There are 2 protein chains.
Amino acid sequence: MQQVRDEQAVAAYVERFGDVLTDAGMPRLASRIFAALLADDDGRMTAAELTETLEVSPAAVSGAVRYLTHVGMIGKERERGSRRDVYVVRAEAWHDAIMSRDRVMNEIMRSMARGVEAVGGPETSAGRRLQLSVDFIDFITRRLGDLQEEWSERRAKLMAD
Amino acid sequence: MQQVRDEQAVAAYVERFGDVLTDAGMPRLASRIFAALLADDDGRMTAAELTETLEVSPAAVSGAVRYLTHVGMIGKERERGSRRDVYVVRAEAWHDAIMSRDRVMNEIMRSMARGVEAVGGPETSAGRRLQLSVDFIDFITRRLGDLQEEWSERRAKLMAD
DNA sequence: AAGAAGATTCACTATTTGCTGAATGATGTG
DNA sequence: CACATCATTCAGCAAATAGTGAATCTTCTT
């Protein structure tokens, strides 16, 4: 039973899912573009397609797409002998999105580590509190790295079927 | 060697760390308040202290503090027979912050799961792509829960010293 | 080399967000 | 019960953000 693709339903879904991503902190148009790519049949859309289906200006697409490629959630490709960029949702989109958060976490950790000194060293109560936070973040981010690997393996096995 | 606490250095640190948190997506004043509490000697400050040391209006503190309590990073207490609230950084601040992100992740996951149907079911290529994303997020968030537990135990042991 | 098709940049506008000051509300004290 | 002390809410303002349209830059075609 191969269902027929109801483009209108898909469009509606793109908007709903876009909203969810926006609530999660992603810029609005970037959210909609990512949603559109995820829901697109072959996960590949040109800038022109995006401006048309999302009803925004090419300029806006350009900016949003820069953001998405920057955080590694989509890739920009160009078929040789063509001028149009085609954007593809990367297989590692979520992986990278989480890892980019990880980078932020690392910043926080480093700043807190410096804070230990600023408040008078690890013997002070503020110092202890900061250090404990550092330890926690460190623990979580390390383990998160392991999880990504575990997933890659698990996925590889599934793909082998 | 118990260092003397240099309040000026602490204040400077609060601003730097506040910036880091803001970059991570936390509203500006909320970041500064959380930083101030983390760096405070006993991790407890009244609203008045906050307005004074951070040089903002009581109204602003009220709003920022609402945000922070909402995401569970600080607690509001009031000593009986007093009108002043005292805000304390919760021991589980980071834990809860991460878990609250987790709630967001769950929203995303649920939305993508609904998307599988919208794009024509799990047999379509878009459906497969969405389902794979769901699986990944599911995997990560579950494991993240385990990690929090592991940390609690680890921490309990350390505290026993 | 000229032209066309596309992407990007830039100046501007509209919306959203974070803060202030003033007014209002809540809660303890004489 | 009236007053004082704090917290909160609300209208307004200032700064940041996301998008538009026009101009510019790139790159393929002929």
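Quantities reported herein were computed from a predicted structural model and do not represent experimental measurements. Labels below follow one simple rule: chain letters A, B, ... track the order of the sequence lines, proteins then strands, and each chain is numbered from 1.
Looking at A:T46 and A:Y87, their side chains never come closer than 4.5 Å, going by heavy atoms from C-beta outward. At a threshold of 4.5 Å between non-hydrogen side-chain atoms, the residues B:M73 and B:Y67 do not count as touching. At a threshold of 4.5 Å between non-hydrogen side-chain atoms, the residues B:I98 and A:F136 count as touching.
When each of C:dA7, D:dA7, D:dT20 is scored by its nearest atom to the side-chain atoms of A:D85, the top-ranked nucleotide is C:dA7. For A:L29, counting side-chain heavy atoms from C-beta on, the closest listed nucleotide (C:dA7, C:dA5, D:dG19) is D:dG19. Candidate nucleotides D:dT20, C:dT8, D:dT9 were compared by shortest atom distance to the side chain of B:R66, and D:dT9 ranks first. Counting only heavy atoms from C-beta on, B:P27 has its side chain closest to C:dG18 among C:dG18, C:dT8, D:dC10. With distances taken from any side-chain atom of A:A60 to the nucleotides D:dT9, C:dA7, D:dT20, the minimum falls on D:dT20. Of the listed nucleotides (D:dC10, C:dT9, D:dT27), D:dT27 has the atom at the smallest distance from the side chain of A:R78.
Considering CZ of A:R32 and CG of A:L21, their distance stands at 12.0 Å, rounded to 0.5 Å.
For A:L50 and D:dT20, the CG to P distance is 13 Å, given to the nearest whole Å. Atom pair A:Y67:OH and C:dT8:P shows a separation of 18 Å (rounding to whole Å applied). With rounding to whole Å, B:R80 atom CZ is found 14 Å from C:dT29 atom C1'. A:R83 has its CZ atom 15 Å from the P atom of C:dG3, to the nearest Å. Rounding to whole angstrom units, CD1 of residue A:I33 and P of C:dA7 are separated by 12 Å. We find that CD of A:E52 is positioned 13 Å from P of C:dG6, with the value rounded to whole Å. Per the geometry, CD belonging to A:E79 stands 12 Å off P belonging to D:dT29, to the nearest Å. Going from atom CD of B:E77 over to atom P of D:dA7 covers 14 Å, rounded to whole Å.
Each of B:Y87 and A:S57 has a nearest nucleotide on DNA chain D; the 5'-most of these lies closest to B:Y87.
Between B:E77 and B:R44 a salt bridge is recorded (basic side-chain N to carboxylate O distance below 4.0 Å).
The side chain of A:K76 places no N or O atom within less than 4.0 Å of a non-bridging phosphate oxygen (OP1 or OP2) of C:dG6. The side chain of B:R84 places an N or O atom within less than 4.0 Å of a non-bridging phosphate oxygen (OP1 or OP2) of D:dC6. Of the side-chain N and O atoms in A:R28, none sit less than 4.0 angstrom from OP1 or OP2 of C:dT16.
Across all strands shown, B:A47 has heavy atoms under 4.0 Å from sugar-phosphate atoms exclusively, and none from any base. Looking at heavy-atom distances under 4.0 Å, B:V61 makes no contact with the nucleic acid at all.
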